[in-house]
Number of protein chains: 2
Amino acid sequence: MLLYNSPVSGNCYKARLLLAQLGIEYERREVDVIDRSERPRLLGELNPALSIPTLVLDDGSPLAESNAILWYFAEGTPYLPQERLARARVLQWLSFEQYSLQPYIALLRYWLSIAHITVPQQKIDARKPAGYAALDALERRLGERSFLVEERYTIADIALFAYTHVAPEGGFDLAAYPAIREWIGRVEAQPGYVAIGA
Amino acid sequence: MLLYNSPVSGNCYKARLLLAQLGIEYERREVDVIDRSERPRLLGELNPALSIPTLVLDDGSPLAESNAILWYFAEGTPYLPQERLARARVLQWLSFEQYSLQPYIALLRYWLSIAHITVPQQKIDARKPAGYAALDALERRLGERSFLVEERYTIADIALFAYTHVAPEGGFDLAAYPAIREWIGRVEAQPGYVAIGA
């Protein structure tokens, strides 16, 4: 199995973390997240969105989008509940992450800590409130429970953890989010945990 | 069952279209998409993201995010395949829509045709290329097949259809996308189809 990967991408990290926890082996091919000119050649036949992570399964079938990869491998394991409503709740949190948290926190992290692009402060400030609103929503949820769904560690936690725990690299201060900080500690204590840089 | 809904929201329409095709009855409560000040009171206990659609099931359980609602109701029906990789592919396209298509096409449609906000042309132009890139990816996929996954109509088609078929309301010209236009006709011909304004 082959993962088109970037060591700095939180979306790729979601796949790497779950695969590590499941003990599944794979090869990695590193893809540039700054210069994207090679992507049509590398990924054109595999993933029309040209995004990473893109995975090629052992039978040659491609699978893209971090949430789809998480779901595919978690199915039938303790990382994805069996019960219908709990499964839908996991998907609710996966969707929330991609739609309401990732676009703001990952973008600022990319500008400030990965591409080191000089961005007008006004553009940075314009994206901060939505990022903090997502952190507020996550804090409210985690203030009431240990993990996002069903009081146990699932792929919902993996998906939200990926960019949230590196939010300070995007200039987001987690000091006012005690429930998030405690949950980060609980995720890092899970069996088979690997760090984003591992 | 109660759906917190907006008649103009494509994300709400995804839920309405599937529920209509499944013949499931529900009540609607309309939520303003322009003035959001009422949302903490209306949705605060139900959905920390304060987004619509938010659904309250018959037993009082809340469920939010269009993809999660689609998945929950499609499970066990012809609208969601049984096979593991096909299911992951459906989720791949649901994720692509929320991450790569919706933010651009829905935002321009909102500005130009819903909120009627006067937006600087430069801000509009800045979002057009990503919207067209998403349409390009969709066109490439649909150039090879009748529906997005497994050659049959699934919730992947419902999710992509919702904002794509109204993309012209956001100033996107579909003339150069013949495969998308033919697929729009195929979706509209499905049993139980209802229009976004219905």
Side-chain angles (χ1 to χ4, degrees), chain A residues 11 40 43-45 47-51 53-55 57 59 61-76 84-103 106 123 126 133-144 148-149 156 159, chain B residues 11 40 43-45 47-51 53-55 57 59 61-76 84-103 106 123 126 133-144 148-149 156 159:
Chain A
N11 282 329
L43 300 174
E45 298 297 307
N47 173 8
L50 306 179
S51 59
T54 294
L55 198 67
L57 303 176
D59 71 355
S61 302
L63 182 62
E65 299 288 341
S66 57
N67 285 348
I69 293 170
L70 288 178
W71 198 274
Y72 179 80
F73 286 100
E75 189 72 84
R84 185 181 171 202
L85 183 59
R87 291 162 68 86
R89 280 270 153 66
V90 169
L91 192 48
Q92 173 179 330
W93 283 100
L94 296 182
S95 301
F96 167 81
E97 193 273 342
Q98 287 281 280
Y99 192 67
S100 300
L101 187 143
Q102 200 275 355
K123 276 185 81 172
L135 293 173
D136 291 346
L138 188 58
E139 179 76 11
R140 278 196 297 277
R141 180 74 174 178
L142 292 169
E144 303 163 356
L148 283 165
V149 180
Chain B
N11 282 329
L43 300 173
E45 298 297 307
N47 173 8
L50 306 179
S51 59
T54 294
L55 197 67
L57 303 176
D59 71 354
S61 301
L63 182 62
E65 299 288 340
S66 57
N67 286 348
I69 293 170
L70 289 178
W71 198 275
Y72 179 80
F73 286 100
E75 189 71 85
R84 184 181 170 203
L85 183 58
R87 293 162 67 86
R89 280 269 154 66
V90 169
L91 192 48
Q92 174 179 330
W93 284 100
L94 296 183
S95 301
F96 167 80
E97 193 273 342
Q98 287 281 280
Y99 191 68
S100 299
L101 187 143
Q102 200 275 355
K123 276 185 82 172
L135 293 173
D136 291 346
L138 188 58
E139 178 76 11
R140 279 196 296 276
R141 181 74 174 178
L142 292 170
E144 302 163 355
L148 283 166
V149 179

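We name chains A, B, ... by the order of the sequence lines, and we start the count at 1 in each one. Values reported hereafter were calculated over all heavy atoms of this structure, with side chains retained and with hydrogens, waters and symmetry mates removed. Just so we're clear, the structure is a prediction, and the values are computed from it rather than from any experiment.
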*If you count heavy-atom pairs under 4.5 Å with chain B, which of P62(A), S66(A), A134(A) comes out on top?*
P62(A)
_For chain B, which candidate among P103(A), S95(A), S51(A) shows the most heavy-atom pairs at distances under 4.5 Å?_
S95(A)
Checking heavy atoms, do the side chain of [X], its backbone, both or neither come under 4.5 Å from chain B?
{"X": "R140(A)", "value": "side chain"}
{"X": "Q102(A)", "value": "side chain"}
{"X": "L101(A)", "value": "neither"}
{"X": "E75(A)", "value": "side chain"}
{"X": "N47(A)", "value": "side chain"}

Just wondering, do [Y] and [X] contact through their side chains at under 4.5 Å, heavy atoms?
{"X": "F96(A)", "Y": "L148(A)", "value": "no"}
{"X": "V90(A)", "Y": "W71(A)", "value": "yes"}
{"X": "L91(A)", "Y": "L91(B)", "value": "yes"}

*Verdict with reasoning, N67(A) to N67(B), per side-chain contact (heavy atoms from CB on, under 4.5 Å)*: CA-CA 11 Å; N67(A) 285 348; N67(B) 286 348; over 6 Å; no
*Does NZ or CZ of R87(A) fall inside the cone over Y72(B)'s six-membered ring, less than 6.0 Å from its centre and within 45° of the axis?*
no
*Output all residues satisfying salt bridge (Lys or Arg N to Asp or Glu O under 4.0 Å) with E97(A), sequence neighbours left out; order by chain, then residue number.*
K14(A)
_So for L85(B), is it side chain, backbone, both, or neither that comes closer than 4.5 Å to the heavy atoms of chain A?_
both
*At what distance, to the nearest 0.5 angstrom, does CZ of F73(A) lie from CG of L55(A)?*
5.0 Å
*Determine the option with the most heavy-atom pairs under 4.5 angstrom with chain A, choosing from Q98(B), E139(B), R141(B), E65(B).*
E65(B)
*Identify which of A88(B), A64(B), S100(B), A49(B) forms the greatest number of heavy-atom pairs closer than 4.5 Å to chain A.*
A64(B)
